[in-house]
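Following: one structure in structure tokens, then a few remarks.
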Amino acid sequence: MACGTGRYVVVCAIMNRALVIVPTYNERSNVAELASAVRQCAPTTELLFVDDNSPDGTGALLDEIADGNKGVHVLHKPGKQGLGRAYIDGFQWALARDYELIGEMDADFSHNPADIPRLQAAVAAGADLALGSRYKGGVRVINWPLNRLVLSRAATLYVRLSTGLPVTDPTGGFKCSRRAVLADLALDAIRSNGYSFQIEMTHQAWIRGFRIVEVPIVFDERRSGASKMNGAIVREALWMTWRLLWRNGGRRRPPARCRGAS
Ligand SMILES: Nc1nc2c(ncn2[C@@H]2O[C@H](COP(=O)(O)OP(=O)(O)OP(=O)(O)O)[C@@H](O)[C@H]2O)c(=O)[nH]1
Ligand SMILES: [Mg+2]
């Protein structure tokens, strides 16, 4: 796996204490390799796995990995509470410590650890929130069935039309933000649990006037294990966007006092 180490060293000199949060549910076959790939590609970036007591024993394996590596942390939760709750718990864990750069990625290698330094570099260069985008400047999705790609592209258009959120990949979960963004978000007000968590989080940052930058990434089908995608997650996203529009006073742009951010 090619890692941009030179740029990474520069980013780390500018911004201290970086963390990437990885929610896990039945990812036993991926986590060991992911932890070592992240540590290799972004050596000073720490990892927080948030596991919902996965029945396949992911949590126990994560404890073993963390035992041998002080840059790896594990937050154990009592049972499956959904992706959104896992991220919120992870953000709160990070905010209770002194991390300056807080990122997120999936455990299944759909997100390439080698891209972490590029996301961090975007924040170091002035973004408040860097979003990995599969669709900025063209489609970069490998090995997905056509119906999955169509659904994802339709979701992008739907989010843009219903909320005005000006990003090309609002459901993506490969991100990096400044601590100040997460500290400012109303995490307890976030209601989404599936992909719409990503939409809701980015929408909150956007209407607060934070500077959002999209970083092109290549997205691959999960390497192993099973998807947790289901109809309920899609239905939640369908109504959530209208709720976001309502919360923003019916506006498809940030309130005037927050405008000026890109
Ligand atoms: N802690 C926790 N993690 C979850 C939960 N649901 C999904 N995840 C994790 O969230 C990440 C994204 O979930 P995926 O199943 O890969 O969803 P996806 O990427 O949209 O679907 P695929 O492309 O089919 O893999 C993975 O790391 C999952 O293990 C959950 O309820 N709790
Ligand atoms: Mg996945």
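Order of appearance sets the numbers: ligands from 1, and atoms from 1 within every ligand.
Counting only heavy atoms of the protein, atom 17 (O) of ligand 1 lies nearest to Y195 OH, 4.1 Å. Among all protein heavy atoms, the one lying closest to atom 2 (C) of ligand 1 is T24 O, 3.5 Å. Of all protein heavy atoms, the one lying nearest to atom 8 (N) of ligand 1 is L83 CD1, 3.8 Å. Of the protein's heavy atoms, K228 N, 2.9 Å lies nearest to atom 15 (O) of ligand 1. Nearest protein heavy-atom neighbour of atom 21 (O) of ligand 1: S227 OG, 3.2 Å.
For a threshold of 3.5 Å applied to N or O pairs, the pair formed by G82 and ligand 1 contains at least one separation below that value. Considering backbone and side-chain atoms alike, V50 places an N or O below 3.5 Å from some N or O of ligand 1. At a 3.5 angstrom cut-off on N or O pairs, A107 counts as close to ligand 1. The shortest N or O to N or O distance between Y25 and ligand 1 is below 3.5 Å. For a threshold of 3.5 Å applied to N or O pairs, the pair formed by P23 and ligand 1 contains at least one separation below that value.
Residues passing the side chain to side chain contact (heavy atoms under 4.5 Å, CB included) test with N30, sequence neighbours excluded: E27, D108, F109, R222, R223, S224.
Using a 4.0 Å cutoff on heavy atoms, S110 does not count as a contact of ligand 1.
Atoms of ligand 1 lying under 4.0 Å from at least one heavy atom of D106, given by number and element, are 11 (C), 12 (C), 19 (O), 27 (O). Which parts of ligand 1 touch D52 is read off a 4.0 Å heavy-atom cut-off, strictly below it: atoms 1 (N), 2 (C), 30 (C), 31 (O), 32 (N). Remark: ligand 1 atoms within the under-4.0 Å shell around heavy atoms of D108 are 16 (O), 19 (O), 25 (O).
Classification of K136 and D169 as a salt-bridged pair fails, no side-chain N sitting under 4.0 Å from a carboxylate O. A salt bridge does not link R28 to D56: none of the charged side-chain nitrogens sits closer than 4.0 Å to a carboxylate oxygen.
With a 4.0 Å heavy-atom cut-off, ligand 1 is reached by the side chain of R222 but not by its N, CA, C or O. Looking at R148 against ligand 1, only its side chain comes within 4.0 Å, counting heavy atoms.
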Using residues 181-192 as the side-chain source, report each donor-acceptor pair under 3.5 Å to any protein atom, sequence neighbours left out, with the distance given to one decimal.
| unit_1 | atom_1 | unit_2 | atom_2 | d |
| --- | --- | --- | --- | --- |
| D184 | OD2 | R208 | NE | 3.2 |
| R191 | NH1 | D188 | O | 3.1 |
| S192 | OG | S196 | O | 3.3 |
| S192 | OG | E200 | OE1 | 2.4 |

Expected list for residues 151-161: side-chain donor-acceptor pairs under 3.5 angstrom, two or more places apart:
| unit_1 | atom_1 | unit_2 | atom_2 | d |
| --- | --- | --- | --- | --- |
| S152 | OG | Y135 | OH | 2.5 |
| T156 | OG1 | S152 | O | 3.1 |
| Y158 | OH | L238 | O | 2.7 |
| Y158 | OH | W242 | NE1 | 2.6 |

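In this structure, N53 and P78 approach most closely via the heavy-atom pair ND2-O, 3.2 Å.
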- Message: Working note: V20 + L48, criterion side chain to side chain contact (heavy atoms under 4.5 Å, CB included); need CA distance, chi angles, decisive distance, verdict.
- Response: CA-CA 6 Å; V20 174; L48 172 68; over 6 Å; no

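Atom CD1 of residue I102 and atom CD1 of residue I21 lie 6.5 Å apart, to the nearest 0.5 angstrom.
Side chains of T24 and T58: a donor-acceptor N/O pair is absent below 3.5 angstrom, by distance only. A donor-acceptor pair shorter than 3.5 Å can be found between the side chains of H76 and D63. If you check the side chains of R17 and T45, you find no donor sitting under 3.5 Å from an acceptor.
Between the side chain of S177 and the main chain of L129, no donor-acceptor pair closer than 3.5 Å is present.
Here the protein contributes D108 OD2 as N, O or S atoms under 2.8 Å from the Mg ion (ligand 2).
When M105, E27, K80, Q81 are checked for heavy-atom proximity to atom 31 (O) of ligand 1, K80 turns out nearest.
The one candidate from R178, K175, R179 that meets the salt bridge (Lys or Arg N to Asp or Glu O under 4.0 Å) condition with D128 is R178.
Ring-plane geometry between Y99 and H73 is classed as perpendicular, the angle between the planes exceeding 60 degrees on a 0 to 90 degree scale with a lower cut at 30.
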